[in-house]
Peer 1: 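For reference, the structure I am asking about is given below.
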Number of protein chains: 2
Amino acid sequence: MKEITIQQNKVLDCIQEYINKTGFPPTRANICKELGFKSPNSAETHLRALEKKGFIRIESGTSRGITLVNPIGKEESGFPIIGLVAAGSPTLASENIEKTVNCPPSFFGSSFDYFLRVKGLSMKDAGIMEDDLIAVKKTQDIRNGDIVIARIEDEVTVKYFERKSPEIVHLKPANEDFNDIEIDLRETEIHIEGKSVGLIREN
Amino acid sequence: MKEITIQQNKVLDCIQEYINKTGFPPTRANICKELGFKSPNSAETHLRALEKKGFIRIESGTSRGITLVNPIGKEESGFPIIGLVAAGSPTLASENIEKTVNCPPSFFGSSFDYFLRVKGLSMKDAGIMEDDLIAVKKTQDIRNGDIVIARIEDEVTVKYFERKSPEIVHLKPANEDFNDIEIDLRETEIHIEGKSVGLIREN
DNA sequence: AATAGTACTGGGTATTTATACAGTATATTA
DNA sequence: TAATATACTGTATAAATACCCAGTACTATT
C-alpha cells in the first residue's frame, strides 16, 4: 500500500466516519461540506488518488459507490498460531504461522499477541494439555507464579516462573514426572518471550 | 416489532444482501432488478411499509438513504456464558447468562451453542479447571469417551461418557479423588445437555 | 529557472435516483 | 357488499449526483 497525503488521509477518515454514522458512503458534496471544500471536484480528485493507491474502490456511475478496501472493522481480529519450534524462538515470521484465529483483542481480559501451540505435558496439572493454544502476551512484567514462555539458549518452554534470588530463577513444571529447572543467570542466558494470559482448547 | 409480509421480508433480505455485497444500500431500481419488479414504485411502497413498521430508516431525499435498524451483522457473534447453576438445567434464559463472548461460530472446528462455566475440579486430569469455559454443542450424538454435560435429576455435571450396556451408563470424572457415577437408566433419569467441543481459560 | 505533483475553484452536463400521481388486481376483513 | 391493505405496472419530474474540462496557486525537486 502506497503512501498517503495528509489531505487524502483526512478524506479517508471522513469517509469512514460518514459510513459509521449514516450506514452509507458519502457523496462528493458530503465530503466537501465535511472538510470545508468549495468544489465537489476537490473531493473527486482526492477520491481518484485514493483509488489509485488502493485505499478505496469507486463504483463508476453509481451514487455513493465508494467502498473502503480495508475497513478497520474487518481486520481487528486475527491472531497467529505459532508452533513450539524445537529450536529457536517462536517468531511471528510467516513460515512459523500455522494459521490465524479470529477473536477480539480483549478476549482474555488483557491484550495478547499470539497463540502458542503446546507440546508435551509438563504443565498438565495446570490444565495445560498437549496441543492446547496458549494466549501469549509479550511482556517483561513477570511475577512469581506466572506461567511464562521462556527460551533457554535455543529451547522454548512453558513453565511457572519463580525468582529465588537476583541471580537464580526457577522454572517449575506442573507435573510430578518433571523436575524444576534451576537457572543461574550468571551462567545461562534466559529470554522471557512473554506470559500466558489465557488458553484455548480446540477439541 | 410488528409483523412483516412475505414480500416485505424479501425486500428486507435483499437490502441486507446488497449491503453485504457492495458496502452501500441499494436504490429502488436495484431492488427491482434483484426481485424482478418492473417498476421502481413497487420497491418504494415496500420500503415505506418497512419504514412504518420500524425495520428500516429512510433518509428522505438522499440517494441510497436506507439504513437497517437491526443490522444482522452486529449480532452474528455473541455466545452466552452460562453458569453451572447448582439446581436445574443450564438454560439460555437471560437470567442465567453471565455475559456473552464474541467469537466466530466455527471457532472450535464444529459449531457450538453456548459456554458453560466449570465449577469444581472433577475433570482436572482432562485439563478442565475451575472457572474454565467449556464450549457446549447441544447434541444427542454422544460416543464413549466424549466429555458430556449431563443433568441427573436436578444436578448438572461435566464428565466422560461411557455406555456400559443399553441400560447402564458410567459418568467418569478425570480426578482420582472422585468416583465414577453409575447410572441405571431404568431407575434414574438422565438428560444429556450436549458435549464439550472446546475450552477457553480466561486467565 | 524549469518541472512536476498536489490542492483547489468553478462551470457544465448526462445520468442516477427519489418520489409523486394514476391505475389495475387480489386478497382479507367488517 | 363495501372497505382496506397489499402488490404491482407505468409515466413523469425535479433533485441529487457523478464526472468531465479548464484554469489557478502552492510547494518541493532538479
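Note on naming: letters A, B, ... go to the chains in the order of the sequence lines (proteins, then strands), and numbering restarts at 1 for each one.
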Peer 1: Excluding sequence neighbours, so at least two apart, what forms ring-ring contact (aromatic ring centres under 6.0 Å, His included) with A:F37?
Peer 2: A:H46
Peer 1: List in chain and number order the residues that pass side chain to side chain donor-acceptor pair (under 3.5 Å) with B:S122, two or more places apart in sequence or in another chain; answer none if no residue qualifies.
Peer 2: B:K159
Peer 1: Using atom CZ of A:F37 as one end and atom P of C:dA7 as the other, report the distance to the nearest whole Å.
Peer 2: 9 Å
Peer 1: Look at the side chain of A:Q7 and decide which nucleotide, out of C:dT19, C:dT17, C:dA7, has an atom nearest to it.
Peer 2: C:dA7
Peer 1: Tell me every residue that passes ring-ring contact (aromatic ring centres under 6.0 Å, His included) with A:F107, counting only those two or more places apart in sequence or in another chain.
Peer 2: B:F107
Peer 1: Closest heavy-atom contact between B:L121 and B:N175?
Peer 2: O-ND2, 2.9 Å
Peer 1: On DNA chain D, check which nucleotide each of B:I6 and B:S63 is closest to and give me the residue with the more 5' one.
Peer 2: B:I6
Peer 1: Which side-chain N or O atoms in residues 123-131 of chain A pair as donor and acceptor under 3.5 Å with protein atoms at least two apart or in another chain?
Peer 2:
unit_1	atom_1	unit_2	atom_2	d
A:E130	OE2	A:G120	N	3.3
A:D131	OD1	A:K119	NZ	3.0

Peer 1: For B:E44, give me all partners under salt bridge (Lys or Arg N to Asp or Glu O under 4.0 Å), at least two apart in sequence or on another chain.
Peer 2: B:R28, B:R48
Peer 1: Indicate for each nucleotide in nucleotides 20-30 of chain C, in 5' to 3' sequence, whether protein heavy atoms under 4.0 Å reach the base (B), only the sugar-phosphate (S), or nothing (-).
Peer 2: SBB--------
Peer 1: Where do B:K137 and B:D113 land on the salt bridge (charged side-chain N to carboxylate O under 4.0 Å, His left out) test, with the steps shown first?
Peer 2: CA-CA 5 Å; B:K137 181 193 180 89; B:D113 298 288; over 6 Å; no
Peer 1: Identify, residue by residue, the members of residues 19-27 of chain A with a heavy atom below 4.0 Å from DNA chain D, and return them in order of residue number, or none.
Peer 2: A:T27
Peer 1: Less than 4.0 angstrom from a charged side-chain N to a carboxylate O is my criterion; do B:E202 and B:R117 meet it?
Peer 2: yes
Peer 1: For A:F108, what residues pass the ring-ring contact (aromatic ring centres under 6.0 Å, His included) criterion, not counting sequence neighbours?
Peer 2: A:F112
Peer 1: By the 4.0 Å heavy-atom rule, please label B:S42 as base, sugar-phosphate, or nothing.
Peer 2: base
Peer 1: Starting at CD of B:E59 and ending at P of C:dT17, how long is that distance when rounded to a whole Å?
Peer 2: 17 Å
Peer 1: From CG of A:L47 over to C1' of C:dC8, roughly how many Å is that when rounded to an integer?
Peer 2: 14 Å
Peer 1: Please name all residues satisfying ring-ring contact (aromatic ring centres under 6.0 Å, His included) with A:Y18, sequence neighbours left out, ordered by chain then number.
Peer 2: none
Peer 1: For side-chain hydrogen bond (donor to acceptor under 3.5 Å, both in side chains), just list the numbers for B:T5 and B:Q8, CA-CA rounded to whole Å, side-chain angles, deciding distance to a tenth of an Å, and then say yes or no.
Peer 2: CA-CA 5 Å; B:T5 337; B:Q8 287 165 3; 2.7 Å; yes
Peer 1: Go through the structure and list residues passing salt bridge (Lys or Arg N to Asp or Glu O under 4.0 Å) with A:K164, not counting sequence neighbours.
Peer 2: A:E162
Peer 1: With the threshold set at under 4.0 Å for non-hydrogen atoms, list the residues of residues 29-36 of chain B touching DNA chain D in residue-number order.
Peer 2: none
Peer 1: Below 4.0 Å from chain A heavy atoms, what is the first contacting nucleotide of DNA chain D and what is the last?
Peer 2: D:dT17 to D:dA22
Peer 1: Less than 4.5 Å apart, any side-chain heavy atom of B:V148 and any of B:V158?
Peer 2: no
